[in-house]
Amino acid sequence: MKLAARIENLQKDYVLSGEVVHALRGVSLDVPEGDYVAIMGPSGSGKSTLLNLLGCLDRPTGGSYWLGDSDVATMDDDQLSEARANHIGFVFQSYNLIPQLTVLENIEVPLHYRGRVSAADRARCRELAVLVGLGDRLLHRPMQLSGGQQQRAAIARSLANDPFFMLADEPTGNLDSVTTTEILSLLERLNDAGKTIIIVTHEDDVSHHAKRIVRLRDGYLQSDELLDDSKRIRVAARALAG
Amino acid sequence: MLSGFATTWILGIKSLLLHPLRSLLTVLGIFIGVASVIWLLAIGEGISVKAQEQIAGLGAENIIIRSIKPPSEATEGARGLVPYGVTRLDYETMVETIPTVTRALPIREITRQFRYGARFLDGRLVGCTPEYAEVTQLVIDRGRFISSSDIASRKNYCVLAAATAERLFPFEDPLGRSIKVERDPYVVIGVLKPRAASAGVGGSFAAQDFSKDVYIPITTLWFRIGDRVLTFGTGTFNGEIVELSQVTLRVNHVDNVMDTSEIVKNTLREKHKLEDYSITVPLELLEQAKNTRMMFILFLGMIAAISLIVGGIGIMNIMLATVTERTREIGIRRALGARRADITRQFLAETIVLSVLGGLTGIAGGLICAPIIELGRNALEAVVPEMMADVPGVIRTMSPRIVPMSIPLAFCISVVVGVVFGLYPAMRAARMNPIEALRHT
Ligand SMILES: Nc1ncnc2c1ncn2[C@@H]1O[C@H](COP(=O)(O)OP(=O)(O)O)[C@@H](O)[C@H]1O
Ligand SMILES: [Mg+2]
């Protein structure tokens, strides 16, 4: 199976007022294409750090991270930007849409950083908006949308550059349970369509939509558990009932 | 690529429109800077052109020698009136001994009251020669100007300036009638066309009012009035013993003017112990005026530069605030793949939009400086006429001249200001750590 990402003995230290914080102490993980991984763990266990590294927002202190054929650890700032522009889609807890832009313009933002924007790219952005159910909100500003709608716009945006994988840090953290279900089923649909997804969450209900749960503790990988379909279906049913 | 380029600018404009008032005020700073560059240069040019015109009006080939009252301490101890000024002998010596002098124009002018019947008028009585009309560009309306034979036979003829004729002869035709100056009658042989007050052979730079003049043969003036002239005012009187008020020498060629003026200076220095004359060389003044103009332009340019720098600091200030405010946006864009250069470009585009807008409106504001100055001058003239009367004529009458170079110059400067003062905030935005920028609330 083809790998979307491969990390080996990944380490990340932060220096905070002279003291070294070991946020990640050697994590190894293979993410095959089409996977849907939920990263869980207590607060401060290194989830966001891992996700930022996977998203090429930062370089690891040690270990290696293969994104396609290139080692992210050796990239300079511009190459990291390029990797993000071409291979990564981000979804944030607080949506992070740009307020002065319309929904459609927000979805198009990643395209500008890949060079030429073609008419086909534009058309695809519209399709993405339709896909996430915002076909009739293209010209709205983020302020005019509900939280769930904003997060759907953000998901569409993360797909604009047709990334290797989508990274989502607590994407449902700001949403109520109904909207959460909505977003999760959208993610599931995208995953079913072949998109690789990695999300950080601390909610079991959320993580059980994934195919696989990776647990971190104190910067170590604690467990890596594959979920079978029966379990996923059970969770989905419970969510519907609740 | 074009589309990316265009979106950068469109995005910049959009972001600026989020804070229209703030952007407007920032633009205002540059507007004032650019407009002031154009205004100041135009005013400077206007004044210098006017000054040069006035100097040129004196004649670049002329050397003007005027009698001036020596400082009182120089004549202290002497009793009564002391003769001073340029003499007839000086005049003759200069005419005869300096070969480059082609023509010399002696005049004697005094203030007198002119009367006709019950009407009277105070004005300048000018004793002159026939060439005077030509050199000072007096135009005869009716009759004729003074002739050589009038000079030779000391005729009691006079020529009236337009306003003098108007005042003394509101109803009659003045030609052939006699006006009186003191006890002497003078027959009017000519009337001049009205002319605008301007500097002429008068010698000083203040615009002269020629409208109330009466011209008579200089020989007649010497004969009838003499060198000793007493002028009675209310309770005071001034006296002077002067042979010639002024001599204007015309030199055969401009190239000889400076040498000739040296000779004139030496000739007069030998004969005069007192500082009772002044020599004006318009050509020399013209050179000086050109130098002064450079200084003036530099000085005004500096003022304009300062106002542009102030405008630039305004831009920088706003952009720093904007960058801080939009830290999160910067983080988002970085996460979505923006390189540092993309962020720099984005914020730089905004400052350039601001400064170019300021530049363009500033140019527009600069181009309308002539009518605005005219308007302001008229308003001042109407509100505080006394104050305006004290303003030097050069400033009162000058019209600003847009220096063509100042427009591209001002525009370039505004763009440069935008780039220079926008670069630091833009680079600060680009240097932010994306993860921290994303955490910014
Ligand atoms: N920029 C940073 N500077 C210093 N320490 C950091 C920084 N980011 C994270 N950390 C530390 O690294 C550890 C892991 O943080 P994080 O990955 O954010 O945990 P989680 O997302 O699982 O709550 C924590 O102890 C945190 O304090
Ligand atoms: Mg976290």
Side-chain angles (χ1 to χ4, degrees), chain A residues 12 14 23 48-49 51-53 55-59 75-102 105-119 121-122 141-143 154 157-161 163 167 169, chain B residues 1-23 319 321-350 353 427-441:
Chain A
K12 180 69 190 177
Y14 291 110
S48 296
T49 303
L51 204 76
N52 289 341
L53 287 174
C56 301
L57 274 171
D58 213 347
R59 270 182 300 253
M75 289 184 179
D76 67 17
D77 196 86
D78 277 359
Q79 288 170 319
L80 286 176
S81 296
E82 209 181 307
R84 293 196 294 272
N86 290 308
H87 308 311
I88 312 283
F90 271 105
V91 177
F92 306 92
Q93 178 174 355
S94 45
Y95 330 130
N96 278 343
L97 298 174
I98 297 173
Q100 65 264 38
L101 303 183
T102 64
E105 286 167 338
N106 263 291
I107 296 174
E108 285 175 353
V109 167
L111 300 179
H112 299 309
Y113 303 123
R114 303 202 310 164
R116 201 180 284 270
V117 183
S118 67
D121 289 330
R122 286 240 149 88
R141 310 256 161 197
M143 290 295 285
R157 179 179 67 184
S158 76
L159 297 170
N161 56 350
L167 298 172
D169 198 345
Chain B
M1 215 57 225
L2 179 79
S3 130
F5 184 76
T7 41
T8 304
W9 296 105
I10 293 168
L11 184 73
I13 292 167
K14 261 190 191 162
S15 304
L16 292 173
L17 286 178
L18 280 185
H19 302 282
L21 182 63
R22 186 206 270 188
S23 302
M319 287 317 291
T322 303
V323 165
T324 307
E325 252 173 35
R326 283 158 63 188
T327 301
R328 201 184 180 90
E329 179 191 330
I330 294 163
I332 297 167
R333 289 183 179 277
R334 294 279 278 138
L336 298 181
R339 285 164 303 152
R340 287 190 169 145
D342 293 318
I343 301 294
T344 307
R345 184 164 345 114
Q346 182 189 337
F347 283 94
L348 215 49
E350 280 184 36
V353 166
M427 279 171 36
R428 195 153 125 160
R431 269 206 308 271
M432 285 181 188
N433 177 328
I435 298 171
E436 270 157 33
L438 276 169
R439 263 207 293 266
H440 196 268
T441 43

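Proteins get letters first, then strands, A, B, ... in listed order; numbering begins at 1 in each.
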Interchain contact, [X] with chain B, by part (heavy-atom threshold 4.5 Å):
| X | result |
| --- | --- |
| A:Leu101 | side chain |
| A:Asn52 | side chain |
| A:Leu57 | both |
| A:Arg157 | side chain |

If every non-hydrogen atom of [X] is compared with every non-hydrogen atom of [Y], which pair is closest and at what distance?
| X | Y | result |
| --- | --- | --- |
| A:Phe92 | B:Ala335 | CZ-CB, 3.8 Å |
| B:Gly337 | A:Tyr113 | O-CB, 3.4 Å |
| A:Ser81 | B:Ala338 | OG-O, 3.3 Å |

_Region of B:Leu11 that comes under 4.5 Å of a non-hydrogen atom in chain A_ =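 Interface part for B:Leu11: side chain.
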
Nearest-0.5 Å distance, [atom1] of residue [X] to [atom2] of residue [Y]:
| X | Y | atom1 | atom2 | value |
| --- | --- | --- | --- | --- |
| A:Asp77 | B:Arg431 | CG | CZ | 12.5 Å |
| B:Ile435 | A:Thr49 | CD1 | OG1 | 8.0 Å |
| A:Gln93 | B:Leu438 | CD | CG | 12.5 Å |

Can you check whether [X] reaches [Y] side chain to side chain, under 4.5 Å on heavy atoms?
| X | Y | answer |
| --- | --- | --- |
| B:Arg333 | A:Ile98 | yes |
| A:His112 | B:Gln346 | no |
| A:Val109 | B:Ile332 | no |

*Check whether any side-chain N or O of A:Arg84 sits under 3.5 Å from a backbone N or O of B:Arg334 as a donor-acceptor pair, and report yes or no.*
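Yes.
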
